[in-house]
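Report on one structure; see the data block that follows.
So that the names make sense, note that chain A is the first sequence line, chain B the second, and so on, each numbered from 1.
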There are 2 protein chains.
Amino acid sequence: MYFRGVISQSDMEKIDKIYKAALELFTTKGFHGTPTSEIAKTAGVANGTLFHYFKTKEDLINSLYLKVKNELVEESINGIDKIDSIKLKVEFLWSKSIQWAMTHPQKLFFIQQYMYSPYITTNTLEEVDKIKEVYIKLIQEGIKTGEIKDVSVDLIYILMTQHLFGMIQYLIMNPEKYHNSEFMNMSFNLIYDILKVN
Amino acid sequence: MYFRGVISQSDMEKIDKIYKAALELFTTKGFHGTPTSEIAKTAGVANGTLFHYFKTKEDLINSLYLKVKNELVEESINGIDKIDSIKLKVEFLWSKSIQWAMTHPQKLFFIQQYMYSPYITTNTLEEVDKIKEVYIKLIQEGIKTGEIKDVSVDLIYILMTQHLFGMIQYLIMNPEKYHNSEFMNMSFNLIYDILKVN
DNA sequence: TAGCATAGAGTGATTAGTCAATCAAAATTA
DNA sequence: TAATTTTGATTGACTAATCACTCTATGCTA
């Protein structure tokens with residue numbers, strides 16, 4: 001987001017409306033498929049107002065990504081320091097991420113859509129590695145204590161993330177499983193069995 | 001692809017040149033970022049020729065996807081019937097897929113780019129379920145014989161695919177590991193340990 | 001009244017797709 | 001075989017539409 005000066009309450013409301021409209025339209029019609037004019041119209045502001053808050057369309061896309069991804073990070077991390085065991089910490093992150101994705105499926109889809117688009121700038125990518133850091137530290141700690149296999153940290157991180165995405169994909173198609181605690185328990189063990197030292 | 005009449009050798013050559021140019025440009029500049037005019041220019045044909053073979057730009061994108069995905073399917077499946085054990089069959093598919101991805105990283109990137117874009121039509125998706133069928137049958141057989149865990153077939157399929165994508169992502173970033181057979185062996189066991197009944 | 005937010009018509013650039021003209025090769029005729 | 005006609009591929013200038021972004025006039029608030 002691009003802005004010079006103090007951001008007032010009414011600014012924030014307007015910006016939020018633009019974000020909301022953009023998220024809705026991007027996920028249903030794609031980045032290219034949504035003209036800025038339609039975003040403005042859906043948000044209930046004039047075309048010019050959109051460009052008052054965002055330098056370009058690309059700026060809007062990148063800002064929205066940062067906002068959404070940040071939301072995911074905050075909600076997943078919040079409260080983790082109260083937990084002691086490494087396994088429980090990993091499980092905490094795991095279930096919080098799933099919880100977030102199940103309550104905001106559109107936002108998850110946006111993240112994926114963005115990740116595989118040519119809009120990503122190294123700049124944006126770097127800003128977002130907070131959650132990766134948390135995972136990486138956990139994994140490293142686990143390797144040190146001997147709880148987690150001594151395999152490349154990067155590999156473990158990628159596999160966890162991909163496994164998580166897969167599980168969410170399945171849950172979105174079979175939402176009743178999400179409320180089946182036996183299933184959810186098993187689903188975590190499926191991935192943790194890979195990581196843990198037998 | 002859209003065409004009326006017999007497709008000659010020279011047609012195929014032209015079409016291939018268009019596909020090649022499109023793949024190159026789409027993966028580096030995105031679907032929206034590449035004008036059809038540039039595809040035609042790169043392919044060395046006139047603008048009108050492109051539209052002679054493909055009804056619309058979207059038709060080109062979808063056709064290219066089908067072609068690439070089909071290539072992956074064919075190369076992964078070819079020879080699998082000579083193998084007996086289920087585990088070895090799964091491993092065969094697994095390593096063939098990785099092999100293909102490592103020799104055609106651009107095509108893999110295109111597949112992912114497409115999967116998370118709004119160009120997918122149900123039509124296209126259905127046409128592409130051939131490889132899924134092979135996997136699904138293998139999994140079902142494995143469940144019946146007791147070799148594979150009795151979990152939802154769809155879930156197992158999604159997890160395998162995601163795990164595979166993750167592994168490829170890692171290998172592309174660390175290509176030296178691809179030639180390390182100890183690593184490659186371990187990488188397969190990582191996923192098979194999830195599936196197999198202990 | 002000063003200063004910033006908002007509006008929305010306007011602009012210039014871009015692009016998917018068209019179409020009438022051209023060309024090459026195959027088919028037909030002499 | 002040579003001349004002529006037919007067929008369909010190929011071309012690229014052109015068009016109609018779209019879109020990101022600008023700009024100036026107006027509104028609002030402190």
- Message: By nearest atom, which of the nucleotides dT11(D), dA13(D), dC19(D) is closest to the Asn47(B) side chain?
- Response: dA13(D)
- Query: Ignoring hydrogens and geometry, is there a side-chain-to-backbone donor-acceptor pair from Lys57(B) to Phe31(B) under 3.5 Å?
  - Reply: yes
- Item | Neighbour count >12 (heavy atoms, 6.0 Å) for atom CD, Glu182(B) | no
- Message: From CZ of Phe54(A) over to C1' of dA5(C), roughly how many Å is that when rounded to an integer?
- Response: 15 Å
- Task: Output the single nucleotide from dA20(D), dT10(D), dG17(C) whose closest atom is nearest the side chain of Phe51(A).
- Result: dA20(D)
- Query: To the nearest angstrom, how far is Leu60(B) atom CG from dT15(C) atom P?
  - Reply: 16 Å
- Could you state the NZ-C1' distance from Lys57(B) to dG17(C), rounded to the nearest angstrom? 12 Å
- Message: I need the CD-C1' distance between Glu38(B) and dT14(C), as an integer number of Å.
- Response: 13 Å
- Exercise: do Tyr116(A) and Ser117(B) side chains pair donor with acceptor under 3.5 Å: no
- Message: Please pick, from dA20(D), dT10(D), dA16(C), the nucleotide with the shortest atom-to-atom distance to any side-chain atom of Lys14(B).
- Response: dT10(D)
- Message: So, OP1 or OP2 of dT15(C): does either fall under 4.0 Å of a side-chain N or O from Ser37(B)?
- Response: no
- Closest nucleotide among dT6(C), dC21(D), dT10(D) to the Thr49(A) side chain: dT6(C)
- Spacing of Lys41(A) atom NZ relative to dA20(D) atom P, expressed in whole Å: 14 Å
- Item | Atom pair distance, as rounded to whole Å: CG in Leu50(B) and P in dT15(C) | 14 Å
- What nucleotide among dA5(C), dT10(D), dT11(D) has an atom nearest to a side-chain atom of Tyr53(A)? dA5(C)
- Per Thr56(A) side chain, nearest of listed nucleotides dG17(C), dC21(D), dA20(D): dC21(D)
- Does Thr36(A) make a side-chain N or O approach to OP1 or OP2 of dA20(D) shorter than 4.0 Å? yes
- Query: Does Thr49(B) reach the main-chain N or O of Val45(B) with its side chain, forming a donor-acceptor pair under 3.5 Å?
  - Reply: no
- Item | Closest to side chain of His52(A), choosing from dG17(C), dT6(C), dA7(C) | dT6(C)
- Message: Does the plane of the ring in Phe110(B) sit parallel, tilted or perpendicular to the ring in Phe26(B)? Use 30° and 60° as the thresholds.
- Response: parallel
- Considering only dT11(D), dC21(D), dA7(C), which nucleotide approaches the side chain of Val45(B) most closely? dT11(D)
- Query: So does Lys55(A) get a side-chain nitrogen or oxygen closer than 4.0 Å to the phosphate oxygens (OP1/OP2) of dC21(D)?
  - Reply: no
